[in-house]
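First the structure, in the form of structure tokens, and then the observations on it.
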Amino acid sequence: MLSPHRGVLFLVVLLVTSSAALAQSSRKANRLARSVAQAHGLAAFDSIDEIRFTFNFGRGGRTSSRTWHWRPAQDAIRLQEADAEPIAVVRGTLDESSPEELRRTDAKFINDRFWLMFPFHLAWDENLTFTVQDDVELPIGEGRARLLRVAYPDVGGYTPGDVYDVYLGDGHRILQWGFRRGGVESEARPITWEAPVSFGPLELVLDHRSEGGARLWFSDVAVRFVGSDRWVEAE
């Protein structure tokens, strides 16, 4: 039987060892998240002067689309939707007193850009929690992958507490993800990440499909880099 003093010492060692293992696991997960962002061209993002893209969503024979022009340095956006006048917003000027139409436009942009540039958000967004699990089964189809779980904080943003189970293949490329609104396990909605396309040094994924038949995709994507008048389209 351990003496009381030896028992306390054993517990302290156990707690220190567990804490060190958790810290090491956290560092590993954070490095992986950064590697995913870098694999998709994070370092080149600051050289973008303007990007344009059309966000499309289709399900049950119905499709909706909206087209964006975004200048990241100014954080200025312009939205064009069918049968509507263009809406221009400088996002840094928005606050709670801004017109509802402009705040709705901002919410749409955050959603659409998030889908197009999710890998970069792993480096951009604050207070994320990452965990890693190796060799897990893909939620759609056959195959196995490395799982990077991305948890957003419980406060802030339009949908706090969201969790993304990101399934990674070779080269830190995303194969699929499972989105869980508010982190609820039963709310998982898996969708594929298909058709990675290069725009100069950037790699963007333009096609996503669910098992239920929904499809989300991007069209008319082009990037103009600082110091150039030429639009770079899909290579």
Measure from the side-chain N and O atoms of [X] to the backbone N and O of [Y], and report whether any donor-acceptor pair falls under 3.5 Å.
X    : Y    : result
S228 : F225 : no
R34  : L32  : no
S210 : A214 : yes
D95  : S98  : yes
T192 : H208 : no
R180 : A188 : no
Q80  : A84  : yes
D75  : G92  : no
Q176 : I140 : yes

Taking the side chain as every heavy atom from C-beta outward, state whether [X] and [Y] have any atom pair closer than 4.5 Å.
X    : Y    : result
R173 : E203 : yes
V221 : L206 : yes
L122 : F130 : yes
R91  : Q74  : no
F218 : L204 : no
S219 : N56  : yes
R149 : V166 : no
V163 : Y152 : no

Point to revise | Polar contact flag, side-chain donor to acceptor under 3.5 angstrom, D207-W193 | key: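 No pair is found: no donor N or O on one side chain lies under 3.5 Å from an acceptor on the other.
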Check your understanding: In terms of side-chain heavy atoms, does T67 have a donor or acceptor partner in D220 at a distance below 3.5 Å?
Key ->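 No, no side-chain donor-acceptor pair sits under 3.5 Å.
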Point to revise | Step-by-step salt bridge (charged side-chain N to carboxylate O under 4.0 Å, His left out) determination, E211 to R189 | key: CA-CA 9 Å; E211 287 186 306; R189 286 178 279 177; over 6 Å; no
**Study point:** CZ on R103 to OG1 on T105, rounded to 0.5 Å
**Key:**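 Reported to 0.5 Å precision, the distance equals 11.0 Å.
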Point to revise | Rounded distance [0.5 Å steps], OG in S35 versus CG in L168 | key: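 Output value for this atom pair is 10.0 Å.
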Exercise for review: In sequence, state the C-alpha distance, the side-chain angles, and the governing distance for W70 and F109, and then conclude on ring-ring contact (aromatic ring centres under 6.0 Å, His included).
Suggested key: CA-CA 9 Å; W70 177 36; F109 175 72; 5.3 Å; yes
Practice item. Considering only NZ, NE, NH1 and NH2 on the basic side and carboxylate oxygens on the acidic side, decide whether R104 and E101 come within less than 4.0 Å. Key: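 Answer for the salt bridge query: no.
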Exercise for review: Could you please spell out the steps behind the side-chain contact (heavy atoms from CB on, under 4.5 Å) verdict for V89 and L94?
Suggested key: CA-CA 8 Å; V89 182; L94 294 177; 3.8 Å; yes
Practice item. List the steps and the verdict of side-chain contact (heavy atoms from CB on, under 4.5 Å) for F55 and L79. Key: CA-CA 11 Å; F55 172 93; L79 168 64; over 6 Å; no
Practice item. Specify whether Y164 and W177 have parallel, tilted or perpendicular ring planes, treating 30° as the upper limit for parallel and 60° as the lower limit for perpendicular. Key: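 Correct class here is tilted.
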Check your understanding: Between H121 and F114, how do the two ring planes meet: parallel, tilted or perpendicular, split at 30° and 60°?
Key ->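 If you compare the ring of H121 with that of F114, the planes turn out tilted.
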Review point. Centre of W68's six-membered ring, under 6.0 Å away, within 45 degrees of the axis: is that where NZ or CZ of R78 sits?
Key: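 No cation-pi geometry.
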Practice item. Output all residues satisfying side chain to side chain contact (heavy atoms under 4.5 Å, CB included) with D49, sequence neighbours left out; order by chain, then residue number. Key: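 With neighbours one apart ignored, the set is R71, R224, V226.
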Practice item. Heavy atoms only: give me the nearest F120-A37 pair and the separation to one decimal. Key: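 So the minimum-distance heavy-atom pair works out to CE2-O, 3.7 Å.
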Exercise for review: Hydrophobic side-chain clustering at under 4.5 Å (ILVMFWY, transitive links): who's grouped with V136? Put none if nobody.
Suggested key: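 Listed partners: L138, L147, Y167, L175.
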Review point. Going through the distances and angles, do M117 and I51 end up as a side-chain contact (heavy atoms from CB on, under 4.5 Å)?
Key: CA-CA 12 Å; M117 297 187 169; I51 182 169; 3.5 Å; yes
Practice item. Sequence neighbours left out, what passes ring-ring contact (aromatic ring centres under 6.0 Å, His included) with H172? Give chain and number order. Key: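 Per chain and number, H172 pairs via ring-ring contact (aromatic ring centres under 6.0 Å, His included) with no residue.
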Exercise for review: Verify the cluster assignment for W124 and F118: are they in a single hydrophobic cluster under the rule of side-chain heavy atoms below 4.5 Å apart?
Suggested key: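 Looking at the clustering, F118 is in the same group as W124.
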Review point. Same cluster for V223 and W217 if Ile/Leu/Val/Met/Phe/Trp/Tyr side chains link at under 4.5 Å?
Key: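 Per the 4.5 Å side-chain linkage, V223 and W217 are not co-clustered.
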Point to revise | CA sep, side-chain torsions, deciding dist, call: E81, K108, salt bridge (charged side-chain N to carboxylate O under 4.0 Å, His left out) | key: CA-CA 11 Å; E81 294 186 275; K108 291 176 182 178; 3.0 Å; yes
